[in-house]
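Sequential numbering from 1 along the given sequence is applied to the chain's residues.
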Amino acid sequence: QVQLVESGGGLVQAGGSLRLSCAATGRTFSVYTMGWFRQAPGKEREFVAGMSWSGGITSYADSVKGRFTISREYSKNLVFLQMNSLRPEDTAVYYCAAAPKWGTYSRDYSYWGQGTQVTVSS
């Protein structure tokens, strides 16, 4: 019903920057929240950042606040995650997700992208 395709992952040195993109298609009128999650090997998937599609509200995990910024191009159904001052502990698979209402937990989200790998070397 909603398809999400993320891109922009890669390998970057600590202190560097990377921008992830997510393109949403399908029944996007049903989406209220767009979010970014990440999952490192052997760890639970964790919330990174989220925003209402209208841009009225945003939320960030404490670990990324001040370094990461979520944004969108509403008319093009695009969502971005600008990641600055990257640290090795940011290494994970990053997922774009969509929810019908506001939420910051994985269970709140109905649609998921395939994930894109972000690796930060020291």
Quick one: pull up [atom1] in [X] and [atom2] in [Y] and give me the separation to the nearest 0.5 Å.
X	Y	atom1	atom2	answer
T28	Q1	OG1	CD	12.0 Å
F47	S106	CZ	OG	10.0 Å
Q82	L18	CD	CG	8.0 Å
F68	S63	CZ	OG	7.5 Å
S52	W102	OG	CH2	6.5 Å
F37	R45	CZ	CZ	8.5 Å

Starting from [Y], can I reach [X] by hopping between I/L/V/M/F/W/Y residues whose side chains sit under 4.5 Å apart?
X	Y	result
L20	Y74	yes
Y109	I70	no
F80	V118	no

Kindly say whether [Y] contributes a backbone atom to a donor-acceptor pair with the side chain of [X] at under 3.5 angstrom?
X	Y	value
T119	T91	no
S17	N84	no
R72	M51	no
Q39	K43	yes
Q114	E6	yes

Would you mind reporting whether [Y] and [X] have side-chain heavy atoms less than 4.5 Å apart?
X	Y	answer
T116	V93	no
R38	D90	yes
W112	C96	no
R19	L81	no
W53	T33	no
P100	S30	no

**OP:** Can you see which heavy atom on S122 is nearest to which on Q13, and at what distance?
**Re:**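 What the structure gives for the nearest pair is O-OE1, 4.2 Å.
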
**OP:** Specify the closest pair of heavy atoms between S85 and R67, including all atoms of both residues, with the distance to one decimal.
**Re:**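 In terms of heavy atoms, the two residues are closest at O-NH1, 3.0 Å.
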
**OP:** For F29, look at atom CZ and say whether over 12 heavy atoms of other residues, nucleotides or ligands are found less than 6.0 Å away.
**Re:**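 Count over threshold, so yes.
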
**OP:** Kindly indicate, with the supporting measurements, whether the criterion side-chain contact (heavy atoms from CB on, under 4.5 Å) is fulfilled by T25 and V2.
**Re:** CA-CA 6 Å; T25 59; V2 176; over 6 Å; no

Subject >> Check against side-chain contact (heavy atoms from CB on, under 4.5 Å), L4 and Y95 >> reply: CA-CA 9 Å; L4 304 174; Y95 296 89; over 6 Å; no

